[in-house]
Amino acid sequence: MKRLPIPTLIAMGVVATAVAIMAPAAFADGGAFADDAAAPVIALPGGAGPATGLADSAALRATVYGTPPQDIAPMPAKVPLVEINMHMPWARPVPDVFWFGRDLRVWFSSQDKPAPLAIVISGTGGDGNTTVLSTLRGALYGAGYHVLTMPSPTFPGFIVSASTTGVAGDLVQDGHDLYSAMQRVVAHLPGKVRITDIDILGYSLGGANAGVVKSIDASEHKLNIHRAVLIEPPVSLFASVERLDRLFAMSIGSGDAGVERLYQKIYAQLANLYRASDRVRVDENFLLTAAAAVLNSDAEFSAAIALTFRIDLMNMFFAGDLYAGTGVVVETAHPPKVGDSLERTQQILRGKPFSEYFTKVFAPYYLKHRPHSTRDSLIADNRLDIIADALRNDPDYYVQTNSDDLILDKTELAWLENTLGPKIAVYDHGGHLGNIGDRRQVADMLDMLAGRWRGAAPGIAP
């Protein structure tokens, strides 16, 4: 079968390029790899039982299909957009294989008059110009904001250009790296841009990142961030990813056979999407858009969702292993260079759950660099509990989430509701990010940013 001519995910750093990940023939043989023995599963805290939405057909379909066109909030016909490429002076030496990512790439839309600035952080593995960011950008710009969209700190381009560790996934460390990058970008915006206030938002993992960045700013006062809106954040990063790993195992299984079957089902649709434009946005929605057109069963939708998240993990795993020198998939004595085959590497990574990233890359690195830390403390430090007091007591934190979100269980949803009180909107339906851009979601988001949100009326779900 002919494969699409899209650069490989690992070799070229294109996030969520499902075509590349599901196309082993696109690589040559002979990639370097190290021991791939299974690691023990992380013992995760939190509520027992499956996530509320993992077996929920409506949640799966909402996650795949997104907001119906007729329910999308009004958007401006045109939003000016400038790509900004900026060197971060603290960046670590760039490995040869990441030659393309030396500068941080962000996107900026400016008003022609004084206006507040909304900084928006992408979800897991996303760059600074995803489909979801484009939707949020349109809504915010239409409401009168300057808009700066940032990649996730788990995006390879951010890891290479702006991370101080190269090992992504720690909320506090990633928060400090994001905060430093934001300061540098804001300081170098064109002089004609007049900013009256700064707010911060993020979706999925980016929501948790946004909350942590605001808490850092509350101590350092470098940006004076006013309000934060956390859109469908995880309560526990590790617990949420473990659920998605479980979904992968249940819907796809181990090895390449399940992935290849899914690829064959959606290949033609992926090809059509690729041919439709010379600027296809290959992000977290790329595979799901193809899946929505040709898949039918809940099992198939589960597989598409699980694979999308696994792709993001593969990038983070590869970069972390390379920077930390842990030798899980990259031989430390022979790191890959430009043009080297990575087929074997990506085949190994495709079968590795987050528990192996934690036990073989993340924990060894942070246990070495953080005296007195333990594996349990590393897991605990990556829960929103670390900013619980701010979420509870600061009136300028808000959350939007769904009662059937795939990345939450009932205990975590209850924790969010109890912690935020009237500062949270919980929608009855939407899966994970399936209602982004919906009229109600956008209206509530803008009310929160403006300080107008007063919570849902008693007895009425948002």
| message | Can a donor-acceptor pair be found, under 3.5 Å and without considering hydrogens, that links the side chain of Asn418 to the backbone of Ala414? | response | yes

| field | Short side-chain to backbone donor-acceptor contact, Asp199 and Ala118, under 3.5 Å | value | no

| request: Work out which heavy atom in Leu104 is nearest to a heavy atom in Ala181; give both atom names and the distance. | output: CD2-CB, 3.8 Å

| field | NE2 on His429 to OG on Ser403, rounded to 0.5 Å | value | 9.5 Å

| task | Indicate yes or no for a side-chain donor-acceptor contact from Tyr397 to the backbone of Leu230 under 3.5 Å, with no hydrogens or angles considered. | result | no

| query | Without hydrogens or angle criteria, can the side chains of Tyr427 and Gln400 be said to hold a donor-acceptor pair below 3.5 Å? | reply | yes

| remark: Separation between CG (Leu307) and CZ (Phe248), nearest 0.5 Å, reads 6.0 Å

| said: So, taking the atom named CZ in Arg105 and the one named OG1 in Thr149, what distance separates them when rounded to the nearest 0.5 Å? | reply: 10.5 Å

| Asp447 with Arg454: basic N within carboxylate O range, under 4.0 Å | no

| Does a side-chain heavy-atom distance below 4.5 Å link Val120 with Met150? | no

| Is any side-chain heavy atom of Leu449 less than 4.5 Å from a side-chain heavy atom of Leu201? | yes

| message | Show the nearest heavy-atom pair for residues Lys423 and Met448, with the distance to one decimal. | response | O-CE, 4.3 Å

| Hey, what's the ring geometry for Phe354 with Phe238, parallel, tilted or perpendicular (30° and 60° as the breaks)? | tilted

| message | Between Val235 and Arg383, is there a side-chain heavy-atom distance shorter than 4.5 Å? | response | yes

| query | Under 3.5 Å, is there a donor-acceptor pair between the Tyr203 and Ser122 side chains? | reply | yes

| Got a donor-acceptor contact below 3.5 angstrom from the Thr130 side chain to the Gly126 backbone? | no

| Do Trp453 and Asp444 come within less than 4.5 Å of each other through their side chains, counting heavy atoms only? | yes

| query | More than 12 non-hydrogen atoms from neighbouring residues, nucleotides or ligands closer than 6.0 Å to CE on Met250, yes or no? | reply | no

| message | Taking the basic N atoms (NZ, or NE/NH1/NH2) and the acidic carboxylate oxygens, is any pair closer than 4.0 Å for Arg370 and Asp170? | response | yes

| field | Under 3.5 Å: donor-acceptor pair, side chain of Asp127, backbone of Gly157 | value | no

| query | Does the side chain of Thr326 come under 3.5 Å of the side chain of Asp321 through a donor N or O and an acceptor N or O? | reply | yes

| note | Closest non-hydrogen atoms of Phe158 and Ser152, given as atom of the first, atom of the second and distance, are CB-O, 3.3 Å

| Validation row: Thr131, Ser134 side chains within 4.5 angstrom (heavy atoms) | no

| said: Could you go through Phe98 and Phe318, starting from their C-alpha distance and side-chain angles, then the distance that decides it, and tell me whether this counts as side-chain contact (heavy atoms from CB on, under 4.5 Å)? | reply: CA-CA 11 Å; Phe98 287 129; Phe318 178 77; 3.8 Å; yes

| message | Could you measure the distance from the CD1 atom of Ile121 to the CZ atom of Phe155? Nearest 0.5 Å is fine. | response | 15.0 Å

| query | Is the closest side-chain heavy-atom distance between Leu446 and Leu140 below 4.5 Å? | reply | yes

| message | Donor-acceptor check, side chain of Asp405 to backbone of Thr401, threshold 3.5 angstrom: yes or no? | response | no

| query | With distance as the sole criterion, is a donor-acceptor pair present between the side chains of Arg440 and Asn435 under 3.5 Å? | reply | no

N/O donor to acceptor pairs below 3.5 angstrom from side-chain atoms of residues 204-217, sequence neighbours left out:
residue : atom : partner : partner atom : Å
Ser204  : OG   : His432  : NE2          : 2.9
Lys214  : NZ   : His226  : O            : 2.8
Ser215  : OG   : Val212  : O            : 2.6
Asp217  : OD1  : Tyr179  : OH           : 2.5
Asp217  : OD1  : Lys222  : N            : 3.3
Asp217  : OD1  : Leu223  : N            : 2.9
Asp217  : OD1  : Asn224  : N            : 3.2
Asp217  : OD2  : Asn224  : N            : 3.1
Asp217  : OD2  : Ile225  : N            : 2.6

| Do Val229 and Ile231 have side chains that get closer than 4.5 Å, going by heavy atoms? | yes

| said: Looking at Leu378, is its backbone amide N or carbonyl O close enough to the side chain of Ser373 to form a donor-acceptor pair, meaning the two atoms are under 3.5 Å apart? | reply: no

| field | Distance-only donor-acceptor check, side chains Ser236 and Glu412, under 3.5 Å | value | no

| said: Apply side-chain contact (heavy atoms from CB on, under 4.5 Å) to residues Leu133 and Thr135 and explain how you reach the verdict. | reply: CA-CA 5 Å; Leu133 286 178; Thr135 299; over 6 Å; no

| query | Ala306 and Leu247: which non-hydrogen atoms are nearest, and at how many Å? | reply | CB-C, 3.9 Å

| message | Using every non-hydrogen atom in the two residues, find where Leu117 and Phe108 come nearest and quote the distance to one decimal. | response | CD1-CE1, 3.9 Å

| request: Applying salt bridge (Lys or Arg N to Asp or Glu O under 4.0 Å), run through Asp409 and Arg243 and close with a yes or a no. | output: CA-CA 9 Å; Asp409 67 16; Arg243 288 185 194 103; 2.9 Å; yes

| remark: Rounded to the nearest 0.5 Å, the CG atom of Leu244 sits from the CG atom of Leu313 at a distance of 10.5 Å

| Would a distance-only check, ignoring hydrogens and angles, find a side-chain to backbone donor-acceptor pair under 3.5 Å from Thr67 to Ile436? | yes

| Between Phe362 and Tyr357, how do the two ring planes meet: parallel, tilted or perpendicular, split at 30° and 60°? | tilted

| message | Test your reading of the model: is there a side-chain donor-acceptor pair from Asp174 to the backbone of Ala168, 3.5 Å cut-off? | response | no

| query | Step by step, would you call Arg310 with Asp245 a salt bridge (Lys or Arg N to Asp or Glu O under 4.0 Å)? | reply | CA-CA 7 Å; Arg310 179 59 61 88; Asp245 276 340; 3.1 Å; yes

| field | Considering all heavy atoms, the nearest Gly431-Asn402 contact | value | O-ND2, 2.9 Å

| Does Asn382 use its side chain to pair, donor to acceptor, with the backbone of Leu171 at less than 3.5 Å? | yes

| request: For this output row, return yes or no: ring centroids of Tyr141 and Tyr145 closer than 6.0 angstrom. | output: no

| note | Here the gap from Thr419 atom OG1 to Ile424 atom CD1, rounded to the nearest 0.5 Å, amounts to 8.5 Å

| Going through the distances and angles, do Trp107 and Leu148 end up as a side-chain contact (heavy atoms from CB on, under 4.5 Å)? | CA-CA 6 Å; Trp107 279 259; Leu148 173 65; over 6 Å; no

| said: Counting C-beta onward and ignoring hydrogens, is there a side-chain heavy-atom pair between Val361 and Val328 closer than 4.5 Å? | reply: yes

| task | In sequence, state the C-alpha distance, the side-chain angles, and the governing distance for Thr164 and Gln173, and then conclude on side chain to side chain donor-acceptor pair (under 3.5 Å). | result | CA-CA 8 Å; Thr164 54; Gln173 184 60 60; 2.9 Å; yes

| request: Check the pair Glu232, Val399 against side-chain contact (heavy atoms from CB on, under 4.5 Å), reporting the backbone distance first and the verdict last. | output: CA-CA 7 Å; Glu232 302 182 38; Val399 168; over 6 Å; no

